[in-house]
There are 2 protein chains.
Amino acid sequence: MAQMDPDAVAKAFVEHYYSTFDNNRVGLAGLYQEASMLTFEGQKILGVQNIVAKLTSLPFQQCKHNISTVDCQPSGPASGMLVFVSGNLQLAGEEHALKFSQVSLSLSVDFS
Amino acid sequence: MAQMDPDAVAKAFVEHYYSTFDNNRVGLAGLYQEASMLTFEGQKILGVQNIVAKLTSLPFQQCKHNISTVDCQPSGPASGMLVFVSGNLQLAGEEHALKFSQVSLSLSVDFS
């Protein structure tokens, strides 16, 4: 298969991540690994199980992420990728959306 | 020398970076390398010379970054560090500050 454009890979990853977050939050487990770390509002959370426990215990259930920007760049020697996302988070029953931004660093991405 | 706390290293790096940005923007050259990449509002800029040319050609001269949050986490096998900064950017002569966020990924940091 032809090598994909990193920007296209990043955009697809971001759409998949937030679609999973909004529709099946426990499914985010498939996007983290044992060595993954999530820093959430200053708190460092290590490992897929702890990360999913944190994300599923956030004080809201229904939510919808609307993506404004996706920036990516290659990182490191092993085809890693750094992705920076910004957007709005709409919570059910809330009039105003929250602004959010998130960074994702994958140390090795299979572009094939 | 004792090993430093990564959060303290990140905070010191951020303070140094934005102090240099605000007071001696060409001095940022010392904080990038030939293989460094800057993604700036969607534009990918490679190499220390191009990065500094971009940063020194921004359409404002006097500015002051006020940092709101600094999050960091270790990354990769070679004591790398991922730093996520958010804050406000006050431009000379402008009433309202701009919000900004920036990510810095260092593949290898000397904590010693």
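Order of the sequence lines sets the chain letters (A, B, ...), proteins ahead of strands, with each chain counted from 1.
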Fill in: Transitive ILVMFWY side-chain link Leu89(B) to Leu58(B), under 4.5 Å
yes
Practice prompt. Report whether Tyr17(A) and Leu98(A) are members of the same hydrophobic cluster (ILVMFWY, side-chain heavy atoms less than 4.5 Å apart, transitive linking).
Written response: yes
Discussion item. Between Leu46(B) and Met81(A), is there shared hydrophobic-cluster membership here, with clusters defined by ILVMFWY side-chain heavy atoms closer than 4.5 Å?
Written reply: no
Worksheet item: Phe40(B), Val26(B): one ILVMFWY side-chain cluster at the under-4.5 Å cut-off?
Response: no
Response to the item:
Honestly, the part of Gln43(A) sitting under 4.5 Å from a heavy atom of chain B is neither
Worksheet item: What is the minimum heavy-atom distance between Met37(B) and Gln73(A), and which atoms define it?
Response: O-NE2, 3.1 Å
Worksheet item: Does any heavy atom of chain B fall under 4.5 Å from the side chain of Thr69(A), the backbone, both, or neither of them?
Response: neither
Worksheet, complete the sentence: Output for pair (Ser101(A) OG, Lys99(B) NZ), nearest 0.5 Å, gives 11.0 Å
Worksheet item: Under a 4.5 Å heavy-atom cutoff, which of Leu82(A), Leu105(A), Val103(A), Leu38(A) has the most pairs with chain B?
Response: Val103(A)
Item to complete: Report yes if the side chains of Asp7(A) and Lys44(B) come closer than 4.5 Å at any heavy-atom pair, otherwise no.
Response: yes
